[in-house]
Protein chains: 2
Amino acid sequence: MVAGPGKRRLEIELIEDRARRHTTFTKRRQGLIKKTKVFANKFDAQAAVIAFSGAGNLFAFGSPSVESVVRRYLDTASGGGGAEEEEERPQTPEERIGAALEKGSWDAVVEGLGPLEIDELSTEIMKLRRVVAARVSEMEARD
Amino acid sequence: MVAGPGKRRLEIELIEDRARRHTTFTKRRQGLIKKTKVFANKFDAQAAVIAFSGAGNLFAFGSPSVESVVRRYLDTASGGGGAEEEEERPQTPEERIGAALEKGSWDAVVEGLGPLEIDELSTEIMKLRRVVAARVSEMEARD
DNA sequence: AGGCCTATATATAAGGT
DNA sequence: TACCTTATATATAGGCC
């Protein structure tokens, strides 16, 4: 099927799939922001969510404002965290993987990592696998 | 009838009992973080939550890291606190890969690849998985 | 596109162990 | 304290306009 109705049909499918994905993304983004809003209200706490879509668009909400929460985070994060409550720790950037892809040495990358970072890396691997799998089936669908 | 998710109706908005308030705070904080985690995974997006308890303790989670998301936010936002519009956009060649890695979006990376490159990537992922698995069992052996 | 509507799935407040 | 259970509240995926 080089051209004609078949190709057209596939393109429509892709577009609709993308639209569906976008709809879901929007709903969940709204849900996430609502949760944050309620959370901040209920406990009179400062809270903020920041999200970037795959396309790079920014969505954020903060109480009293994203700016203030971010600022406070930057002030606090360096000094030291919570006293009696445990804190979710920051995670390792996935750029490691990109760099490693170019170098070709996984061993060197994994060697220095701690438990949390390993966990993070595992998560990223699973994400990458899903994305690759999706891409593969997408290409197979074209044949 | 306004009832809470629990077994009984919530009589008062502000929870007076300190211990119970703390319990609820913890649960909701975990829920919020989980939501953010799932959101980031499901859509291969960058996302972060930051929260300060009334006592001033910091709780935060970010994918791939709070730092990276905050940094990107500061780079992107001109100062807004609200949400903006989302529009999925088809993008171009492979020079995009570098930028995509910085954005932390695997989707964007895989998007431009051909069959051979996908295959190579799959192989690399498998290798990485093995290396990570080895590292994990290595660490578990120490306990 | 932007709202409703409705099964299902999750989240979660109390209470129990 | 920390986990488990249970009853109810919310959130959400898809339909259907």
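In what follows, chains are A, B, ... by sequence order, proteins preceding strands, each numbered from 1.
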Is a side-chain N or O of B:N41 found less than 3.5 angstrom from the main chain of B:K37, in a donor-acceptor match?
yes
Distance, rounded to the nearest Å, where B:F25 contributes CZ and C:dT12 contributes C1':
15 Å
Side-chain N or O of B:K35 closer than 4.0 Å to phosphate OP1/OP2 of D:dT12:
yes
Whole angstroms only, please: what is the CZ-P distance between A:R29 and D:dA13?
13 Å
Length of the NZ-P vector between B:K27 and C:dT10, whole Å
18 Å
How many Å lie between NZ on B:K37 and P on C:dA11, as a whole number?
12 Å
Between NE2 of A:H22 and P of D:dT12 the distance, given in whole Å, is 15 Å
Which class fits the ring pair B:F25 and A:F39: parallel under 30°, tilted 30 to 60°, perpendicular over 60°?
tilted
Rounded to the Å, how far apart are A:L32 CG and C:dT10 P?
16 Å
So, OP1 or OP2 of D:dA11: does either fall under 4.0 Å of a side-chain N or O from A:K34?
yes
Using whole Å, report how far CD of B:Q30 lies from C1' of C:dA13.
14 Å
If you check the B:R28 side chain, which of C:dA11, D:dA13, C:dA13 turns out closest?
C:dA13
I would like to know whether B:I50 and A:R72 meet side-chain contact (heavy atoms from CB on, under 4.5 Å); could you show each step before the answer?
CA-CA 10 Å; B:I50 300 171; A:R72 189 174 174 191; over 6 Å; no
Out of D:dA11, D:dA13, C:dA14, which nucleotide sits closest to the side chain of B:R20?
C:dA14
Given side chains that start at C-beta, do those of B:E67 and A:Y73 come closer than 4.5 Å, heavy atoms only?
yes
Separation of A:K42 atom NZ from C:dT12 atom P, in whole Å?
10 Å
